[in-house]
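Indexing begins at 1, ligand by ligand and atom by atom, following the structure's order.
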Amino acid sequence: MITVKADPFAFPLDPDHVALLCIDFQRDFMEAGGFGESLGNDVSTLRTAIEPTRGVLAEFRRRGWPVIHTREGHRPDLADLFPAKRDRGNPSLRIGEEGPMGRLLVRGSAGHEIIPELAPVEGEVVLDKPGKGSFYATDLETILRARGITQLVVTGVTTEVCVQSTAREANDRGFECLVLADCTSSYFPEFHESALRMFSAQGAIVGWVGQSGQLLDALGATEDGAGR
Ligand code: TIU
């Protein structure tokens, strides 16, 4: 067990049963011309999460620990897109419409891809999901249980939308989540802060909240640096 400083108390990281979850680091949310911008957001606010996540990703890869990437998006025929999601609000472009990076939030489009800075490598799971939560209408739980994973180090965007939904879904399924604050980001700084506080309040009611530096410090301090 590796002790990682976190809120509201130390996270007991189990090297044999932990995975890194990188949620929706897609061009559609992080780059101009994508879905996030079509909703009226300044997408540059999300970029703070990239470098810290790169550091954690590199350490998981170095140790050979499992990494799972998720992508929010829909089938090209939009058969899995609820009208309630498609028709919500008044975006400049709707899901499935043609934008500068192809069809918004559609699998196979350039905008649906994970940003190059955090792109998956061979052997890492890439999980497509139609909703906000990563467990809804996916085989994520099966994948985690098949590998004996019980803990998730959580990174991704946006904090109060897909990260929050996923952390809550994971918590209800008995997975322990360490959400890395600097590896998540939101279009709304106040929502980012509030969501993180909600996770760790009431004795980690949803999960633990830490910083990438605290995790990397803890991993650097261990003797077993060569992976498992
Ligand atoms: N709009 C927003 O903040 N997020 C999403 O629509 N999806 C994710 O968070 N991935």
Side-chain angles (χ1 to χ4, degrees), residues 20-50 52-53 57 67-75 78 80-97 99 101-107 109-115 117-120 125-138 140 152-171 177 179-196 198-199 206-207 209:
L20 176 65
L21 196 54
C22 299
I23 300 173
D24 299 2
F25 280 113
Q26 293 161 264
R27 298 183 67 194
D28 255 328
F29 296 111
M30 315 237 4
E31 296 186 6
F35 179 64
E37 194 176 75
S38 82
L39 298 174
N41 298 306
D42 172 5
V43 296
S44 67
T45 56
L46 299 194
R47 301 197 70 79
T48 55
I50 298 174
T53 305
L57 194 52
V67 176
I68 297 169
H69 305 260
T70 70
R71 300 185 298 198
E72 180 180 351
H74 297 275
R75 294 167 179 263
L78 305 183
D80 58 353
L81 176 61
F82 294 126
K85 182 176 180 182
R86 184 192 61 218
D87 298 339
R88 184 92 37 92
N90 189 25
S92 58
L93 283 175
R94 292 197 184 276
I95 296 170
E97 291 182 346
M101 295 189 286
R103 296 177 67 205
L104 250 57
L105 236 50
V106 169
R107 297 173 192 163
S109 298
H112 181 261
E113 293 299 325
I114 293 169
I115 56 170
E117 296 93 325
L118 299 172
V125 172
V126 179
L127 184 105
D128 284 323
K129 63 188 181 67
K132 306 291 187 266
S134 301
F135 290 86
Y136 170 68
T138 74
L140 178 58
L152 296 170
V153 171
V154 180
T155 67
V157 295
T158 61
T159 319
E160 82 282 11
V161 183
C162 291
V163 172
Q164 169 149 239
S165 289
T166 299
R168 289 177 183 276
E169 287 181 330
N171 186 52
C177 292
V179 181
L180 296 179
D182 55 334
C183 298
T184 64
S185 195
S186 168
Y187 303 120
F188 304 90
E190 69 274 26
F191 292 168
H192 173 75
E193 292 303 329
S194 297
L196 295 173
M198 286 179 218
F199 296 156
V206 176
V209 175

Donor on one side chain, acceptor on other, Ser186 and Thr159, under 3.5 Å: no

Any nitrogen or oxygen of Asp24 lying under 3.5 Å from a nitrogen or oxygen in ligand 1? Just yes or no. yes

Check: Thr70 side chain, Val126 main-chain N or O, donor-acceptor pair, under 3.5 Å: no

CZ of Arg107 to NE2 of His112, rounded to nearest 0.5 Å, is 6.0 Å

Is any side-chain N of the basic residue among Asp24 and Lys129 closer than 4.0 Å to the acidic one's carboxylate O? yes

Between Thr158 and ligand 1, find which residue part has any heavy-atom pair under 4.0 Å and reply side chain, backbone, both or neither. both

Do the side chains of Glu169 and Lys132 get close enough for a salt bridge, i.e. N-O under 4.0 angstrom? no

So for ligand 1, is Cys162 a polar contact partner (N or O within less than 3.5 Å, distance only)? yes

Any nitrogen or oxygen of Val157, side chain or backbone, less than 3.5 Å from one on ligand 1? yes

Identify, for atom 1 (N) of ligand 1, the protein heavy atom at the shortest distance, and state residue, atom and that distance. Leu39 CD1, 3.8 Å

Among all protein heavy atoms in this structure, tell me which lies nearest to atom 5 (C) of ligand 1, with the distance rounded to 0.1 Å. Phe29 CE2, 3.4 Å

The single option from Ile68, Val67, Ile114, Leu57 passing side chain to side chain contact (heavy atoms under 4.5 Å, CB included) against Pro120: Ile114

In this structure, atom 7 (N) of ligand 1 is nearest to the protein heavy atom Glu72 OE1, 2.9 Å

